[in-house]
Amino acid sequence: MESASGHDERPAKRVKRDETEPSADQSRPTTSSTQNDDESDAEESSVVADRSTANGSDLYLDTVNRAALDFDFEKVCSVSLSNINVYGCLVCGKYFQGRGRTSYAYAHSIHDDHHVFINLETTKVYVLPDGYPVSDPSLDDIAFVLSPSFTPSGISPLSTSAHLLKPSYDLSSKPYLPGYIGLNNIKRNDYMNAVIHSLLHVPPLRDFLLLSRFDGKQPELVKRFAALAKKLWNPRLFKSQVSPHEFLQEVGRASGGKFRLESQGDPVEFLRWLLNDLHRDLGGSKKKNSSIIFSTFQGQVRTETQQVVIRPDASEDQKPVFDIDREIKATTTPFLFLAVDLPPPPLFQDSVEKNIIPQVGIHSVLTKYDGIQTQESRGQLRRFNCQQLPPYLIVHYKRFTKNNFVEEKNPTIVNFPLKGVDFRDYLSSVEQRSSTIYDLVANVIHESVAGTTRDKENTVWKVQLRAGNGAGESEKWFQIQDLIVEEIRKEMIFLGETVLQV
């Protein structure tokens, strides 16, 4: 669904122009827009003094059209495509560079008779072509939508049942629950939307981003992800939906085009890339707890391997086992999420079994990490055991496998409780102060045509999110598919083809 702002057709590529080039018209003066801004600032004192008694009409504030404002798109000039010194017109919503006499914003104010502009970085408001600043409380809501800010006391109820009792309202008086709103599927980015929602509902990461005050030195991906988090949880939105366009444009650039808006992708690959890239951009290293990503999601798993030796007296049906008399290699590696295997579906089915969907319990697939069950691969026996579990655990159900012909999908349904999953049996040693019991926060599911062949063209990705805590009315679950947000019964959650869980 395209936004009404008209900015979605701007190219994503940034064109950095020298501000000493006012336009393609070489007959104009070569004074830079920045210098003109300084000249305007020098005259502000006299201008403001003359307008100390001005009312809203004199300041053109009655022309501000909040319904036309959309700050979700990349903040570049609609004419020069520059991202330097960009202002937004509060009448039509378009972006223009500068506010000096040779700037595009100045020309727009004269030609279109639109006079109120906001600096997209500082949130200061000016009236053009006069150039004087405006400080009016009636514009505070616009500044908050452009650049939301949060306090520790303000975000503390977000994960509690109290948050469910305080809905917000957009310009059209439509109620919405901050944090549980739709994200635009601009083209084929629904798989990225599901991952974004999942991460931004993990309290430590969410709170870190909402309270962040980046000074401009951080990489663009981190700043845009934090800005998207603040928009998603903003209680004063003009529209009860958010477009991730600005963040996803940077994702495309930072990933070298691997994750694009135009093509369907894999949410697991996107999650792996995003977590590692955010960790690096936040100054993280290989050390434990070196970033909010590692301190929230990183655990450790111990892997033991041994060469397979076939005994002469072994039967054909006998599976190889670890031999304690031979060398066993053990390595401990960090992980950001655990990958578990699903049992293969039956190869042959009769007319009755075709209507039966195979099911499996979560603990039966987690036995991969009990340190006892073995796997054989390329002449090596392997067994896994968790050494340390993170505060928030991400589980990936390996539902898709590739062969020489097609990519197959495993339709097996995983049964799991929403609360109280105990990982004690999969941990080598339990520390006294650490909890091994986990509650579900987010559940990413996959929907496509029936069968065992993966159909990327007809794939739909949805995310199911917990709201509140406790039980009964103090806890709700919402299912979000792009712009569609609907409350879902708890009994329906495990019926989907789960791919990721947090």
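Every heavy atom of this structure was used, including side-chain atoms; hydrogens, water molecules and symmetry mates were not. Along the sequence shown, residues are numbered consecutively beginning with 1.
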| Can you check salt bridge (charged side-chain N to carboxylate O under 4.0 Å, His left out) on Arg272 and Glu269, steps first, answer last? | CA-CA 5 Å; Arg272 180 184 295 110; Glu269 293 182 5; 5.7 Å; no

| message | Given 3.5 Å as the limit, does a donor-acceptor pair link the side chain of Asp482 with the main chain of Gly182, or not? | response | no

| query | Between CZ of Phe96 and CG of Asp112, what distance do you get to the nearest 0.5 Å? | reply | 6.5 Å

| query | Is the backbone N or O of Ser243 less than 3.5 Å from a side-chain atom of Asn184, with the two atoms forming a donor-acceptor pair by type? | reply | no

| query | So, His279 versus Ser291: side-chain donor-acceptor pair below 3.5 Å or not? | reply | yes

| Residue pair Tyr60 / Val91, side-chain heavy-atom distance below 4.5 Å | no

| request: Indicate whether the side chain of Arg213 and that of Ser149 have a donor and an acceptor atom separated by less than 3.5 Å. | output: no

| said: Do Arg99 and Tyr87 form a cation-pi contact, if we require the NZ or CZ to be under 6.0 Å from the six-membered ring centre and within 45 degrees of the ring's axis? | reply: no

| Pair Glu74 + Arg224, salt bridge at N-O below 4.0 Å | yes

| Nearest heavy atoms of Gly100 and Tyr106, plus distance in Å | O-CB, 2.9 Å

| message | Less than 4.5 Å apart, side chain to side chain, heavy atoms only: is that true for Cys92 and His114? | response | yes

| query | Regarding Tyr397 and Gln501, is there a side-chain donor-to-acceptor distance under 3.5 Å anywhere? | reply | yes

| In Å and rounded to the nearest 0.5 Å, what is the CG to CD distance from Asp170 to Gln241? | 9.0 Å

| said: Between Ser295 (side chain only) and Ile292 (backbone N and O only), is there a donor and an acceptor less than 3.5 Å apart? | reply: yes

| Do Val395 and Phe337 have side-chain heavy atoms sitting under 4.5 Å apart? | no

| said: Any side-chain to backbone donor/acceptor pair from His197 onto Asn193? Under 3.5 Å, distance only. | reply: no

| note | Distance col, row Ile493:CD1 vs Leu495:CG, nearest 0.5 angstrom, shows 9.5 Å

| Flag, side chain of Ser109 to backbone of His115, donor-acceptor distance under 3.5 Å | no

| query | If you measure from CG on Leu275 to CD1 on Ile293, what distance do you get to the nearest 0.5 Å? | reply | 5.5 Å

| message | For the backbone of Phe144 and the side chain of Ser147, can you confirm whether one donor and one acceptor N or O come within less than 3.5 Å of each other? | response | no

| said: Has Asn185 got a side-chain atom pairing as donor or acceptor with Asn189's backbone, closer than 3.5 angstrom? | reply: yes

| message | Treating Lys124 as the side-chain partner and Leu120 as the backbone partner, does any N or O pair qualify as donor plus acceptor under 3.5 Å? | response | no

| note | Trp461 and Gly265 have their tightest heavy-atom pair at NE1-O, 4.0 Å

| task | Begin from the C-alpha positions of Leu209 and Phe150 and carry the test side-chain contact (heavy atoms from CB on, under 4.5 Å) through to its verdict. | result | CA-CA 10 Å; Leu209 295 172; Phe150 295 83; over 6 Å; no

| query | Between Phe294 and Leu336, is a side-chain contact (heavy atoms from CB on, under 4.5 Å) present by the stated rule, with each step listed? | reply | CA-CA 8 Å; Phe294 273 18; Leu336 290 177; 4.0 Å; yes

| task | Kindly say whether the aromatic ring centers of Phe247 and Phe225 come within a distance under 6.0 Å. | result | yes

| Run the salt bridge (charged side-chain N to carboxylate O under 4.0 Å, His left out) check on Arg399 and Glu447 step by step: do they pass? | CA-CA 12 Å; Arg399 194 168 290 279; Glu447 287 186 3; over 6 Å; no

| query | Going by heavy atoms in the side chains, are Ile445 and Val499 under 4.5 Å from each other? | reply | no

| task | Quick one: closest heavy-atom pair of Thr63 and Val116, and the distance? | result | OG1-CG2, 4.0 Å

| message | Contact between Pro390 and Tyr438 at the side-chain level, heavy atoms closer than 4.5 Å - yes or no? | response | yes

| message | With rounding to the nearest 0.5 angstrom, report the CD to NZ distance, Glu475 to Lys490. | response | 4.0 Å

| message | Could you check whether any side-chain heavy atom of Leu237 comes within less than 4.5 Å of a side-chain heavy atom of Tyr176, counting everything from C-beta outward? | response | yes

| query | Got Phe494 and Pro417 here, is their nearest side-chain heavy-atom distance under 4.5 Å? | reply | no

| task | May I have the step-by-step check of side-chain contact (heavy atoms from CB on, under 4.5 Å) for Phe270 and Tyr191, ending in yes or no? | result | CA-CA 8 Å; Phe270 175 64; Tyr191 72 100; 4.0 Å; yes

| query | Do the non-hydrogen side-chain atoms of Val460 and Gln481 ever get within less than 4.5 Å of each other? | reply | yes

| query | Side chain of Tyr180, backbone of Arg466: donor and acceptor closer than 3.5 Å? | reply | yes

| Looking only at heavy atoms, which two atoms of Val444 and Ser198 are closest? And how far apart? | CG2-OG, 3.4 Å

| note | Rounding to 0.5 Å, atoms CZ (Arg206) and CG (Leu199) come to a distance of 12.5 Å

| task | Run the numbers on Tyr95 and Lys75 for side-chain contact (heavy atoms from CB on, under 4.5 Å), then give the verdict. | result | CA-CA 7 Å; Tyr95 297 167; Lys75 295 172 177 58; 4.1 Å; yes

| field | Qualifying residue, where the test is side-chain contact (heavy atoms from CB on, under 4.5 Å) with Lys398 and the options are Val365, Asp341, Val340, Val268 | value | Asp341

| query | Does Arg66 pair with Asp141 as a salt bridge, N-O distance under 4.0 Å? | reply | yes

| Considering all heavy atoms, the nearest Thr296-Pro204 contact | OG1-CB, 3.8 Å

| field | From CA spacing to verdict: ring-ring contact (aromatic ring centres under 6.0 Å, His included), Trp233, His163 | value | CA-CA 11 Å; Trp233 289 95; His163 183 61; 5.8 Å; yes

| Donor-acceptor contact present, side-chain Lys231 to main-chain Phe71, <3.5 Å | yes

| request: Search all heavy atoms of Ser212 against all heavy atoms of Ala226 and return the closest pair with its distance. | output: OG-CB, 3.6 Å

| Sub-6.0 Å ring centroid separation between Phe400 and His446 | yes

